There are 2 protein chains.
Amino acid sequence: MRRPGASPLYAQVEAILTDRIARGDWPPGLLLPAEPDLASELGVSPGTLRRALARLERRHLIERRQGRGTFVAQQTSAQALGQFFRVRDLSGKPVRPETVVTGITTGPAMGEEAVRLRLVPGEKVHRIERLRSLNGVPQIVERIVVPAALFPGLSLPLAPQRLETEIYVHYQQAHGIIVVRAEETLSARAASTEEARALGREPGAPLLVIERITYDAAGRPVELRVSLLDTRDHRYAVELV
Amino acid sequence: MRRPGASPLYAQVEAILTDRIARGDWPPGLLLPAEPDLASELGVSPGTLRRALARLERRHLIERRQGRGTFVAQQTSAQALGQFFRVRDLSGKPVRPETVVTGITTGPAMGEEAVRLRLVPGEKVHRIERLRSLNGVPQIVERIVVPAALFPGLSLPLAPQRLETEIYVHYQQAHGIIVVRAEETLSARAASTEEARALGREPGAPLLVIERITYDAAGRPVELRVSLLDTRDHRYAVELV
DNA sequence: CAGTGGTCTAGACCACTTT
DNA sequence: AAGTGGTCTAGACCACTGA
């Protein structure tokens, strides 16, 4: 195949398949055609297709299972937690948070928020407050901002329960949005009186601040989040390679 | 090629090449044999060799340059900084630290240190204290613990200068040790009086604590490090995928 | 047993770098 | 012009899964 000044063929194939998934043409859970079939449909060799599939798998957009086939990734609670929740206990073991919603409001996006979420000024957002416990003890205060357009059913009484699991599962089930990437910045800050009360600490206690922006498969921002972690018994863990 | 219960051939090739680099048989900067030659020397097909080389490149152990050849990775200051220094300014731009050594002592490894560095109890370590400035302002207090065996020339008068650049460059030049991986855990903590004075802050001010353990190509731990960052003007940035 | 992805091989052609 | 890695192709065989 030719490639005058364009990108490599495997990258083009990767982009085509990413687009099918991002648009919902290929919904989560779908079994993809077998590799030889998909390769001939796209007009590329099996080797080139495999190279594109390997990259999609590394981005967690598909799952390949030997003997079964290749599937569009399902956003499950356990999977989203493993991918995006970096908190560990002091021995390094992963912990599972229990979550309670402590407040929901709806209003226009602030200047900074609107820019980062790429909303028109004044567009509505939901603000969600949650308290997350690790091993039964409140350890994380969390404030989430999401475009209201992505969360229409939020005023319903059942909404809080949905918000107590990872909201990425809701995104996928209700809108076919697959969350694939997040950027986090970390800092340290003194607790306010409200934050301190929620976490059972004294005002001014040092907290770890985790600010996150989350993107879907199409590269659109879909969530802003600030998490305040009490780090007496837990750590935020990363590996650098 | 057969593979009864063993690992894939490309993984075996990767292990062989990693070993050659880790042992110093292939020193940093070396030009590797051309792919067809290396493949036939190892008794594998070019495709299998390329798969192993791709993995080595992702681990930053080699660099491949089209038209020139494949080289064992050189540890440069800029490269080590880009790979392991996650601090950004508030706009997200990378910053380059200037570093001053504020203290060096030598003594036996403490219990916890000895375990993590896999030293025999009582084995000597160097403890290095540094103050790092960003844009001319002191922002990071750093304490580094390294096995004394890896840093024999530390009492020489020129040592402090060496310690003012990334010490990974010294590791590579003096011992052929290539640092490939680090684990970091983050937390928030109140500044002590000495830490506060060094950073121009009030005692008790919240600081971001970054604890790092660093490993070489052979998987041996070669450094413990604690960095205390003033996060009024900077952030620690990570991407989750 | 049939069908899937995982591994391994072999070789052609292209783009880039250096001589 | 010669040599390198990057791309793309084509096909054989193996390991795993589920009917």
Side-chain angles (χ1 to χ4, degrees), chain A residues 1-18 20-21 26-74 79, chain B residues 1-18 20-21 26-74 79:
Chain A
M1 290 297 143
R2 292 294 147 267
R3 186 164 65 82
S7 58
L9 193 49
Y10 63 80
Q12 298 176 37
V13 171
E14 183 190 3
I16 291 170
L17 300 183
T18 298
R20 289 187 185 179
I21 295 172
W26 280 356
L30 178 78
L31 172 63
L32 266 61
E35 292 181 359
D37 300 348
L38 186 51
S40 74
E41 185 230 312
L42 293 165
V44 301
S45 77
T48 299
L49 173 66
R50 282 188 62 80
R51 191 161 176 182
L53 291 177
R55 293 165 66 107
L56 290 171
E57 185 178 35
R58 199 139 53 93
R59 293 166 58 203
H60 299 107
L61 274 170
I62 61 172
E63 286 176 18
R64 313 171 82 183
R65 274 175 277 179
Q66 189 176 26
R68 299 203 44 202
T70 300
F71 301 82
V72 178
Q74 291 268 24
Q79 183 269 327
Chain B
M1 290 297 144
R2 292 293 147 265
R3 187 164 62 82
S7 59
L9 193 49
Y10 63 80
Q12 299 175 37
V13 171
E14 184 189 3
I16 291 169
L17 301 183
T18 298
R20 288 188 186 179
I21 295 171
W26 280 357
L30 177 79
L31 172 62
L32 266 59
E35 291 181 359
D37 300 348
L38 187 51
S40 73
E41 185 231 308
L42 294 166
V44 301
S45 79
T48 299
L49 173 65
R50 282 187 63 79
R51 192 159 176 183
L53 291 176
R55 293 166 64 108
L56 290 172
E57 186 179 33
R58 200 140 52 95
R59 293 166 58 203
H60 300 105
L61 275 170
I62 61 172
E63 287 176 17
R64 313 171 82 180
R65 273 175 278 178
Q66 190 177 28
R68 300 204 45 202
T70 300
F71 302 82
V72 177
Q74 291 269 22
Q79 183 268 328

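Side-chain atoms are counted along with the backbone in the values below, which use heavy atoms only and exclude waters and symmetry mates. Per chain, numbering begins at 1; letters A, B, ... match sequence-line order. Keep in mind it's a predicted model, so treat the numbers as computed, not measured.
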Where do N or O atoms of nucleotides 17-19 of chain D meet protein N or O atoms at under 3.5 Å, pair by pair?
residue: D:dG18; atom: OP1; partner: A:Arg68; partner atom: NE; Å: 3.3

- Contact list for DNA chain C against residues 46-58 of chain A - heavy-atom distance below 4.0 Å: A:Arg50
- Task: Just do the side-chain hydrogen bond (donor to acceptor under 3.5 Å, both in side chains) check on B:Arg50 and B:Ser45 with the steps written out, would you?
- Result: CA-CA 9 Å; B:Arg50 282 187 63 79; B:Ser45 79; over 6 Å; no
- Task: Please determine, for the side chain of B:Leu9, which listed nucleotide (C:dC8, D:dG5, D:dA10) has the closest atom?
- Result: C:dC8
- Task: Measure from the side chain of B:Glu35, starting at C-beta and using heavy atoms only, and say which of C:dG5, D:dG6, D:dT7 lies closest.
- Result: D:dG6
Show me the side-chain donor-acceptor pairs of residues 65-72 of chain B shorter than 3.5 Å, one per line, residues at least two apart or across chains.
none

Using a cut-off of strictly less than 4.0 Å, decide whether [X] has a side-chain nitrogen or oxygen near OP1 or OP2 of [N].
| X | N | answer |
| --- | --- | --- |
| A:Tyr10 | D:dC8 | no |
| B:Arg64 | D:dG6 | yes |
| A:Ser45 | D:dA10 | no |

- Should A:Leu61 and A:Glu57 be marked as a side-chain contact (heavy atoms from CB on, under 4.5 Å) after you check the CA-CA gap, both sets of side-chain angles, and the distance that decides it? CA-CA 6 Å; A:Leu61 274 170; A:Glu57 185 178 35; over 6 Å; no
- So which of B:Arg59, B:His60, B:Arg64 actually passes side chain to side chain contact (heavy atoms under 4.5 Å, CB included) with B:Ile62? B:Arg64
- Item | Side-chain ion pair, A:Arg51 and A:Glu14, N-O less than 4.0 Å | no
